[in-house]
2 protein chains.
Amino acid sequence: MKKQTQATEASINVFKALADPIRLAIIRYLRQHDQALSCGEIGQAMQISKTSGSYHFKILQEAGLITVRKVGREKFVKLDRVTFDHYLIHFWQNL
Amino acid sequence: MKKQTQATEASINVFKALADPIRLAIIRYLRQHDQALSCGEIGQAMQISKTSGSYHFKILQEAGLITVRKVGREKFVKLDRVTFDHYLIHFWQNL
DNA sequence: TAAATAGTTCAAAAACATTTGAACTATTTA
DNA sequence: TAAATAGTTCAAATGTTTTTGAACTATTTA
């Protein structure tokens, strides 16, 4: 893979994060519930292992598509609309 | 990978197609030139081999992001805005 | 304090994506 | 018709992503 500008690298991370059925299902689930949810609850709803959940939440977070807040031993996750808007809604402006 | 609905499978193909620096550069190049261009010209501009070009154009085409028209021995390619709009601009509506 | 719960890390395995070069088809030009 | 050009196909090699289970940390509850 070639060397990229910062801007391109960030886009690539966003599109990679969106390019997976589990992660898209997580996004859909968060959208439907319209609030922060714990990783555990989402993982159960997706029927994936804790390890796999941890991996996918990390990818989403590093892409900037979710924000994470730790409360006690749980982590609550919610969609970051700013990132979605930037890379999707305003795709052409930011390409 | 899990079994998916048709709708999800199509989204995945679109986001996978966008999740690559060469393909994003092709899209950017087509955007800048704002017209159908031949695979050869684009491939040269991207400095990739014919084989690699052929591979990337197929991915873009199968995702519906470009349309292709053969003229003589060349293939001309242009962006399909309908697909971009559907999956990016109207992301939330179609999720 | 011990046990339970939520999530992470690690390395190995499995699955998938991309690049490469050679051989190919189709079309145009000399 | 022969040579050149545009693009495709194939299989092998390489690179990247995802899954797995075991061992781990941090926090809460009994």
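No experiment lies behind these values; they were computed from the predicted model shown. Throughout, protein chains are lettered first and strands after them, A, B, ... in sequence-line order, and every chain is numbered starting at 1.
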Can you check whether [Y]'s main-chain N or O pairs, donor with acceptor, with [X]'s side chain at less than 3.5 Å?
X	Y	answer
A:Ser38	A:Phe76	no
B:His33	B:Tyr29	yes
A:Arg23	A:Ala17	yes
A:Asn94	A:His86	yes

Please pick, from [options], the nucleotide with the shortest atom-to-atom distance to any side-chain atom of [X].
X	options	result
B:Thr51	C:dC10, D:dT8, D:dT19	D:dT8
B:Arg23	C:dT18, C:dT8, D:dT19	C:dT18
A:Lys70	C:dT29, D:dT18, D:dA26	D:dA26
B:Arg73	D:dT27, D:dA6, D:dT9	D:dA6
B:Ser52	C:dG21, C:dT19, D:dT19	C:dT19
B:Lys75	C:dT18, D:dT18, D:dT8	D:dT8

Separation of atom [atom1] in [X] from atom [atom2] in [N], rounded to whole Å:
X	N	atom1	atom2	value
B:Lys50	C:dA22	NZ	P	13 Å
A:Tyr55	C:dA15	OH	P	15 Å
A:Gln44	C:dA6	CD	C1'	11 Å
A:Glu74	D:dT27	CD	C1'	10 Å
B:Leu37	D:dG7	CG	P	11 Å
B:Lys16	C:dC16	NZ	P	8 Å
A:Asp20	C:dA17	CG	C1'	14 Å
A:Ile48	D:dT19	CD1	P	8 Å

Nearest-nucleotide 5' precedence on DNA chain D, B:Glu41 against A:Val71: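 Counting from the 5' end, the first nearest nucleotide belongs to B:Glu41.
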Straight-line distance of B:Asp20 CG to A:Thr8 OG1, nearest 0.5 Å: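 Between B:Asp20 CG and A:Thr8 OG1, I get 11.0 Å after rounding to 0.5 Å.
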Pair assignment for D:dT29, Watson-Crick or G-U wobble, requiring both distances under 3.5 Å: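 Here D:dT29 is engaged in a pair, and the nucleotide opposite it is C:dA2.
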Under 3.5 Å on both distances, the Watson-Crick or G-U partner of C:dA14: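 Across any shown strand, C:dA14 pairs with D:dT17.
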Pairing residues for B:Phe84 by the ring pair (Phe, Tyr, Trp, His ring centres under 6.0 Å) criterion, not counting sequence neighbours: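 Only A:Phe91, A:Trp92 meet the ring pair (Phe, Tyr, Trp, His ring centres under 6.0 Å) criterion with B:Phe84.
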Single-linkage hydrophobic cluster, 4.5 Å side-chain cutoff, A:Val77 and B:Leu95 together: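 Linked, A:Val77 and B:Leu95 end up in one cluster.
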Near-strand residues of residues 56-67 of chain A, defined as heavy-atom separation under 4.0 angstrom from DNA chain C: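 Close to the strand, none.
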